[in-house]
Number of protein chains: 2
Amino acid sequence: MYEIFQKYLDEKTILTKAESELIQSFAIIKKLRKRQYLLQEGDIWKYDAFITSGCLRTYSVDEKGSEHVNSFSIEKWWTGDRESLMFQQPSRFNIDAIEDSELILFTHDNFEFLCREIPAFNNMVNTILQKSFIAAQNRIQASLSLTAEEKYLNFITKYPGFASRIPQTMIASYLGMTPETLSRIRKQTAKK
Amino acid sequence: MYEIFQKYLDEKTILTKAESELIQSFAIIKKLRKRQYLLQEGDIWKYDAFITSGCLRTYSVDEKGSEHVNSFSIEKWWTGDRESLMFQQPSRFNIDAIEDSELILFTHDNFEFLCREIPAFNNMVNTILQKSFIAAQNRIQASLSLTAEEKYLNFITKYPGFASRIPQTMIASYLGMTPETLSRIRKQTAKK
DNA sequence: GTAAAAACTTGATATAGATCAAGTGTTTTG
DNA sequence: CAAAACACTTGATCTATATCAAGTTTTTAC
């Protein structure tokens with residue numbers, strides 16, 4: 001499924017044939033079965049990972065054993081733990097597959113090499129990072145200013161496909177509420 | 001106070017004399033009195049802004065008129081609205097000064113020019129962006145998994161100087177709780 | 001295809017934190 | 001330096017959402 005990534009690159013950058021081939025030469029294909037881990041708490045994350053198909057979730061587990069979903073990532077998005085990667089420290093997160101998934105991994109050394117050698121690639125990466133940051137800011141704002149119901153409505157508007165692919169329990173956790181609360185909210189909003 | 005920014009650059013990058021001078025040639029010094037706005041909701045943000053002294057807050061106002069503090073920024077940090085800047089759309093945020101402050105502004109065109117011309121500058125900017133993203137992720141995690149008291153303790157541990165410079169009302173808003181709740185938490189934790 | 005596991009719903013009750021209200025203390029500014 | 005504006009505290013009460021519990025539906029896996 002490298003073509004999906006190639007297509008993504010072609011949409012986001014202009015690369016020479018040699019550059020494209022250089023990128024491809026570093027790509028590691030990785031398949032994950034549903035429920036399989038990509039990263040477990042305590043591991044040091046060493047990759048930059050692009051999802052060609054499927055859906056993953058990043059979550060942490062607190063002292064009481066409750067899971068908190070930090071993010072969902074689907075096809076044509078990147079995933080991983082930037083903090084563990086940047087500081088080479090044990091991750092506080094788990095990343096696992098919600099669906100059978102296929103990813104393309106680059107070791108971080110190779111990825112940095114590509115960023116250095118291919119300015120267009122570097123620019124693409126920076127743009128993605130900026131958008132991720134903006135999305136994180138917006139999520140913080142939503143968590144500060146919206147009620148549980150508003151958070152849910154905001155979520156389904158922003159990510160229309162997600163509600164049907166992701167178990168409600170996980171969505172509830174992502175939104176910072178219990179599954180029961182989300183279930184009741186859905187019942188109410190369905191009426192309207 | 002350009003020296004503060006120069007020192008910051010010297011710590012984070014290695015620049016030639018010519019590069020340093022190029023950067024300085026674009027710098028716009030801006031002074032803000034306490035309570036003065038740097039950006040108001042509806043404006044389109046056009047700069048990259050470095051704070052040499054003082055303290056600013058970024059906040060939004062919801063339909064009910066309540067303010068929600070998105071972030072605080074102090075000396076040696078950057079501020080602005082990346083979303084408004086990136087998409088050249090009206091900002092949903094206000095940024096104002098909590099203390100008399102002094103900033104260095106670069107118009108975004110100039111800033112992008114610097115990133116293109118000076119790879120070391122570009123790398124510095126990317127590193128900052130990555131750290132900002134990591135901080136945002138951590139904030140999301142905290143908001144999902146901590147109680148009000150834990151959020152406050154986490155905050156003062158992470159940003160030790162802030163509690164004495166910033167009004168409690170604003171800290172409460174930043175942490176997603178009411179000023180009354182924060183006041184009670186502080187009373188309790190003071191006892192221990 | 002069926003038993004077990006996982007996901008979702010619904011009701012009853014509890015609680016963390018919000019809201020309202022009235023006070024005190026502390027800056028700011030003319 | 002006085003008075004207005006702002007910041008903080010404390011108490012009483014309320015409410016959105018959590019928790020606990022028991023049932024139903026859907027999915028998974030042999």
Side-chain angles (χ1 to χ4, degrees), chain A residues 32-36 54-55 57 59 61-69 72 96-101 142-156 162-191, chain B residues 32-36 54-55 57 59 61-69 72 96-101 142-156 162-191:
Chain A
L32 287 179
R33 287 288 180 68
K34 189 172 174 172
R35 260 163 231 171
Q36 201 181 327
C55 182
R57 106 224 220 234
Y59 67 99
V61 181
D62 68 22
E63 327 78 57
K64 284 163 220 138
S66 320
E67 295 180 357
H68 302 280
V69 175
F72 300 116
D96 66 4
I98 295 178
E99 303 169 355
D100 291 352
S101 302
S143 93
L144 289 175
S145 54
L146 304 182
T147 63
E149 179 175 355
E150 289 166 342
K151 280 178 203 173
Y152 174 66
L153 295 174
N154 180 53
F155 175 79
I156 56 174
F162 282 31
S164 56
R165 295 172 76 168
I166 300 172
Q168 273 185 52
T169 320
M170 292 182 192
I171 294 175
S173 168
Y174 175 87
L175 296 174
M177 63 187 75
T178 59
E180 292 94 331
T181 295
L182 182 53
S183 175
R184 284 184 251 261
I185 284 169
R186 285 177 48 120
K187 196 186 172 190
Q188 271 176 245
T189 57
K191 272 189 222 160
Chain B
L32 287 179
R33 286 290 180 68
K34 189 170 174 174
R35 261 162 230 173
Q36 201 181 328
C55 182
R57 104 221 220 235
Y59 67 98
V61 180
D62 69 22
E63 327 78 59
K64 284 164 222 140
S66 321
E67 297 181 356
H68 302 280
V69 175
F72 300 115
D96 66 5
I98 295 178
E99 305 169 355
D100 291 352
S101 302
S143 94
L144 289 175
S145 55
L146 304 182
T147 62
E149 180 176 354
E150 289 166 341
K151 280 177 203 173
Y152 174 66
L153 295 174
N154 180 51
F155 175 78
I156 55 173
F162 282 31
S164 57
R165 295 172 74 170
I166 300 171
Q168 273 185 52
T169 321
M170 294 183 191
I171 295 175
S173 169
Y174 175 87
L175 295 174
M177 64 188 74
T178 59
E180 292 94 331
T181 296
L182 182 54
S183 176
R184 284 185 251 263
I185 283 169
R186 286 177 48 119
K187 195 185 173 190
Q188 270 176 247
T189 58
K191 271 190 218 156

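Residue numbering restarts at 1 for every chain, and letters A, B, ... go by the order of the sequence lines. Heavy atoms only: backbone and side chains are in, while hydrogens, waters and symmetry mates are out.
Separation of atoms OG1 (A/T181) and CG (A/L175) is listed at 11.0 Å; rounding is to 0.5 Å. Here the CD1 atom belonging to A/I98 is positioned 12.0 Å from the CG atom belonging to A/L32, to the nearest 0.5 angstrom. Atom CD in A/E180 sits 9.0 Å away from atom OG1 in A/T169 (nearest 0.5 Å). Atom-to-atom distance recorded for A/K34:NZ and A/S101:OG is 10.5 Å, nearest 0.5 angstrom.
Remark: P of D/dA18 and CG of A/D62 are 14 Å apart, rounded to the nearest angstrom. Rounded to an integer number of Å, the gap from NZ of B/K64 to C1' of D/dA16 is 12 Å. Between B/I98 atom CD1 and C/dT28 atom P the separation is 13 Å, expressed in whole Å. Protein atom CG of A/L146 is 15 Å distant from nucleotide atom P of C/dA18, rounded to whole Å. Taking atom CD of A/E67 as the reference point, atom P of C/dA6 lies 12 Å away to the nearest angstrom. Rounding to whole angstrom units, CD of residue A/Q188 and C1' of D/dA16 are separated by 11 Å. When rounded to the nearest whole Å, the span between CE of A/M177 and C1' of D/dA16 equals 11 Å. The CD atom of B/E99 sits 16 Å away from the C1' atom of C/dT28 (whole-angstrom rounding).
Contact of the B/F72 side chain with the B/R165 side chain is not registered, since no non-hydrogen atoms from C-beta on lie closer than 4.5 Å. A/C55 places a side-chain heavy atom less than 4.5 Å from the side chain of A/E99.
Distance alone, capped at 3.5 Å, places no donor-acceptor pair between the B/S66 side chain and the B/D62 backbone. Under the 3.5 Å distance criterion, the side-chain polar atoms of B/S173 are matched with a main-chain donor or acceptor of B/E67.
Annotation: the terminal axes of the helix from C/dG1-D/dC30 to C/dG30-D/dC1 meet at 60°, where each axis is the rotation carrying the C1' atoms of four end pairs onto the next four (5 pairs per end, rounded to 10°).
When each of A/E149, A/K151, A/R184 is paired with A/M177, the side-chain contact (heavy atoms from CB on, under 4.5 Å) condition holds for A/K151 and for no other.
Ring geometry for A/F155 versus A/Y174: interplanar angle of 30 to 60°, hence tilted.
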Tabulate protein N/O versus nucleotide N/O from nucleotides 24-30 of chain D, keeping only pairs under 3.5 Å, one per line.
unit_1: D/dT28; atom_1: OP1; unit_2: A/K34; atom_2: NZ; d: 2.5

Tell me, for nucleotides 8-15 of chain C in 5' to 3' order, what letter each nucleotide earns: B for a base near a protein heavy atom under 4.0 Å, S for only sugar-phosphate near one, - for neither?
SBBBB---
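Using a cut-off of 4.0 Å between Lys/Arg side-chain N and Asp/Glu carboxylate O, A/D96 and A/R57 are scored as salt-bridged.
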